[in-house]
Amino acid sequence: MSKVIVSPSILSADFANLERDIKKVETAGADWLHIDVMDGHFVPNITIGVPVVKSIKQIASNPLDVHLMIENPEKYIKPFAEAGADIITFHYEAAKDKVSEIIKLIKSYKVKAGLSIKPKTSPDEILDYLHELDMVLIMTVEPGFGGQKFMPDCAQKIPVIKKHAPENLIIQVDGGINSETAKVCTQYGANSLVAGNYIYKSEDIEKAILSLH
Ligand code: DX5
Ligand code: ZN
């Protein structure tokens, strides 16, 4: 077993053939499934909601890694937990004054809790929460869309988190990840990689996933 957790972002899948595209990455060796939830407020885009997560749960074998890019995340923890999320990650920028409260809420449903920061947010702002969390998600693009270019400066936040993190904290990166940028991130200490376009647009999905492991 590789120690790097690969979580393909289904935002780059064909939504008209979602079951097929989920099975494709599961068969090809993916560890999790990354589901990008966007509300048109926290980010300009609108994507997937609770009913879709519930349907995915019926057909998926991998854990569902749900990335909430939404305002007022506390309102939606219960519905996403009940829909079958295994990990729920919310954004620090959307919940600055209620971080611990939301982490507790997520954990009360026996779901793993993740906290994400956007490119302009300093990792120092979330150090106080590391011991409460299962995962930190460092965005390596501005959240909102798949297929953007990796921002190398963001990867430099990884060692800062790593230095202060408890041993079992998962450090995930998301945005512009391919075999090259993945190497940069894992060398800094990331151990979970989200990749949308790199996996779904590749001709050999198995090879793409293997190159991230
Ligand atoms: C962006 C999303 C990402 C996105 C990644 O806001 O959080 O998960 O789907 O896509 P790629 O890997 O294509 O940059
Ligand atoms: Zn994401």
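Predicted, not measured: the structure shown is a model, and the values here were computed from it. Every number for a ligand or one of its atoms is a count from 1 in the order of the listing.
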So Ile161 and Leu127, side chain to side chain contact (heavy atoms under 4.5 Å, CB included) or not? Walk me through it. CA-CA 7 Å; Ile161 297 292; Leu127 296 182; 4.2 Å; yes
Stepwise side chain to side chain contact (heavy atoms under 4.5 Å, CB included) test for Val194 and Ile177: CA-CA 7 Å; Val194 175; Ile177 298 299; 5.8 Å; no
Could you go step by step and tell me if Leu115 and Phe90 meet the side chain to side chain contact (heavy atoms under 4.5 Å, CB included) rule? CA-CA 5 Å; Leu115 184 64; Phe90 64 101; 3.5 Å; yes
For Ile56 and Ile10, run side chain to side chain contact (heavy atoms under 4.5 Å, CB included): C-alpha distance rounded to whole Å, both residues' side-chain angles, the deciding distance at 0.1 Å, then the answer. CA-CA 11 Å; Ile56 291 173; Ile10 61 162; 3.6 Å; yes
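Closest to the Zn ion (ligand 2) among the N, O or S atoms of Asp174 is OD2. The atom of His67 that is an N, O or S and sits closest to the Zn ion (ligand 2) is ND1. Per residue His34, closest N, O or S atom to the Zn ion (ligand 2): atom name NE2. Distances from the Zn ion (ligand 2) to the N/O/S atoms of Asp36 are shortest for OD1.
Distance from atom 10 (O) of ligand 1 to its nearest protein heavy atom, with residue and atom name: Gly146 CA, 3.5 Å. Nearest protein heavy-atom contact of atom 9 (O) of ligand 1 is Ser9 OG, 2.9 Å. Counting only heavy atoms of the protein, atom 12 (O) of ligand 1 lies nearest to Gly196 N, 2.7 Å. The shortest contact between atom 2 (C) of ligand 1 and any protein heavy atom is with Asp36 OD1, 3.4 Å. In terms of protein heavy-atom proximity, atom 6 (O) of ligand 1 is closest to Gly144 N, 2.7 Å.
Separating the OG atom in Ser211 from the CG atom in Asp204 is a distance of 9.5 Å, to the nearest 0.5 Å.
The two atoms that bring Val43 and Met38 nearest to each other are CG2-CB, 3.5 Å, heavy atoms only.
Atoms of ligand 1 lying under 4.0 Å from any heavy atom of Met69, numbered from 1 in the order shown and given with element: 6 (O), 7 (O). Each of the following atoms of ligand 1 lies closer than 4.0 Å to a heavy atom of Val194: 8 (O). Each of the atoms 6 (O) of ligand 1 lies under 4.0 Å from some heavy atom of Met38. Taking every heavy atom of Asn197 and a limit of under 4.0 angstrom, the matching atoms of ligand 1 come to 11 (P), 12 (O), 13 (O). Close approach of ligand 1 to His34 is summarised as follows: ligand atoms under 4.0 Å from at least one heavy atom of the residue are 8 (O). Near His67, meaning under 4.0 Å from any of its heavy atoms, are these atoms of ligand 1: 7 (O). Against a heavy-atom cut-off of under 4.0 Å, Gly175 is close to the following atoms of ligand 1: 14 (O). For ligand 1, the atoms lying closer than 4.0 Å to a non-hydrogen atom of Met139 are 7 (O).
Below 3.5 Å of separation, one finds an N or O of Gly147 facing an N or O of ligand 1. The shortest N/O to N/O separation between Gly176 and ligand 1 falls below 3.5 Å. Remark: ligand 1 and Ser12 share no N or O pair separated by less than 3.5 Å (distance only, no angle test). Annotation: Glu142 places no N or O atom under 3.5 Å from an N or O atom of ligand 1; distance criterion only.
In this structure, Val53 is not a member of the same hydrophobic cluster as Ile46, with clusters built from ILVMFWY side-chain heavy atoms closer than 4.5 Å.
Salt bridge annotation for Lys54-Glu82: absent, with no cationic side-chain nitrogen under 4.0 angstrom from a carboxylate oxygen. A salt bridge does not link Lys3 to Asp31: none of the charged side-chain nitrogens sits closer than 4.0 Å to a carboxylate oxygen.
Atom NZ of Lys162 has 12 or fewer neighbouring heavy atoms from other residues, nucleotides or ligands inside a 6.0 Å radius.
Side chains of His41 and Asn72: a donor-acceptor N/O pair is absent below 3.5 angstrom, by distance only. Looking at Asp36 and His34, their side chains do bring a donor and an acceptor atom within 3.5 Å of each other. Counted by atom type alone, Thr181 and Tyr198 present zero donor-acceptor pairs between their side chains at under 3.5 Å.
At least one heavy atom of Phe145 sits closer than 4.0 Å to an atom of ligand 1.
When the heavy atoms of Leu11, Ile10, Asp174, Asn45 are ranked by distance to atom 8 (O) of ligand 1, first place goes to Asp174.
Tested against Asp65 for a side chain to side chain donor-acceptor pair (under 3.5 Å), the candidates Ser192, Ser9, Ser7 yield a single pass: Ser7.
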